[in-house]
Amino acid sequence: MNASPVIVALDFPDQESAMALVNRLHPSLCRLKVGKELFTRLGPAFVEKLVTAGYDVFLDLKFHDIPNTVAAACDAAADLGVWMMNLHASGGRKMMETARARLAGKAHQPKLIAVTILTSLGEEDILEIGFHGTPAENVLRLAALAKSSGMDGVVCSPLEAAAIRAQADSDFLLVTPGVRPVAAAVDDQKRVMTPSDAIQAGSSYLVIGRPVTAASDPLQALKDINASLQAPAS
Ligand code: C5P
């Protein structure tokens, strides 16, 4: 049983460097996220290898296509034994509901999470795409759409977590990247929160990459983050 909310982002270019990190961690201390780079290089066999090693795997492929195609991709991902997968809420209700219905028939049911507005997009970017309002307004609207379309939760910035949590039940999952332990470098993340602040803001799971993957002692860095979440709030 894994009590940690930490999902370590396996942002590596090849299997050797990814497994060098994985072999230093343990499935009882974290979950793992496999994204587009690693999946495109290494394919389903790598995901199955992590699942076989006992890890809960978040397959971060952000599906966005016609409903039938996304549902079929979700079905295939479920067959890999992943614990969580995601799609774009902007694919629409029909796409999300079709994916949900397809997974409902599976023996193994991964959590299905929606991306609202990519945090790389600013107000001008989303206006140019044709979305009106601020990114924050669009995030809340798409989070509500994701919930009413049967999604288990959304990926969001920890800075958006409290507002989404205020409009959703406690069982609606908020998966937040942009998390940095106090002492860690911010890297290219602009808006960050500490792990304990993110949990207090309503995050269910924390996606953390470089503070663990680039640490001189990744296991200790992970244990320190987990310990910071056990400490009573100040
Ligand atoms: O190294 P770092 O902790 O910044 O890694 C964060 C992970 O979360 C990366 O895999 C990144 O692609 C992902 N992510 C993010 N911000 C988003 C969505 C995903 O940092 N808005």
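Counting convention: from 1, in listed order, for ligands and their atoms alike. Just so it is clear, the structure is predicted and the values come from calculations on it, not from any experiment.
Put simply, the residue from Leu206, Asp56, Thr176, Val175 that forms a side-chain contact (heavy atoms from CB on, under 4.5 Å) with Ile7 is Val175.
Residue, atom and distance of the protein heavy atom nearest to atom 6 (C) of ligand 1 are Gln189 NE2, 3.8 Å. Protein heavy atom closest to atom 2 (P) of ligand 1, with residue, atom name and distance, is Arg180 NH2, 3.4 Å. The protein atom (non-hydrogen) at minimum distance from atom 10 (O) of ligand 1 is Asp11 OD2, 2.7 Å. For atom 12 (O) of ligand 1, the closest non-hydrogen atom on the protein side is Lys33 NZ, 4.3 Å.
Counting heavy atoms from C-beta outward, Thr98 and Val70 have side chains that stay 4.5 Å or more apart. Using a 4.5 Å cut-off on side-chain heavy atoms (C-beta onward), Lys62 and Asp60 make contact. Within the 4.5 Å cutoff, side-chain heavy atoms of Leu173 are placed close to those of Tyr205.
Among Ser120, Cys156, Ala9, Pro177, the residue whose heavy atom lies nearest to atom 15 (C) of ligand 1 is Pro177. Nearest to atom 21 (N) of ligand 1 by heavy-atom distance, out of Leu121, Val34, Val155, Thr119, is Thr119.
Taken together through direct or relayed side-chain contacts under 4.5 Å among Ile, Leu, Val, Met, Phe, Trp and Tyr, Phe63 and Ile66 form parts of separate hydrophobic clusters.
The ligand atoms of ligand 1 that sit less than 4.0 angstrom from a heavy atom of Val207 are 7 (C), 8 (O). Close approach of ligand 1 to Gly209 is summarised as follows: ligand atoms under 4.0 Å from at least one heavy atom of the residue are 1 (O), 2 (P), 3 (O), 5 (O). The contact set between ligand 1 and Arg210, taken as ligand atoms under 4.0 Å from a residue heavy atom, comprises 1 (O), 2 (P), 3 (O), 4 (O).
Of all the heavy atoms of Asp187, none lies under 4.0 Å from any atom of ligand 1, so neither backbone nor side chain is involved.
Nearest heavy atom pair, residue Lys111 against residue Asp152, reads CA-OD2, 3.3 Å.
Applying the 6.0 Å contact sphere to NZ of Lys94 captures no more than 12 heavy atoms from other residues, nucleotides or ligands.
In terms of polar-atom proximity, Ile208 is not counted as a contact of ligand 1, lacking any N or O under 3.5 Å from an N or O of the ligand.
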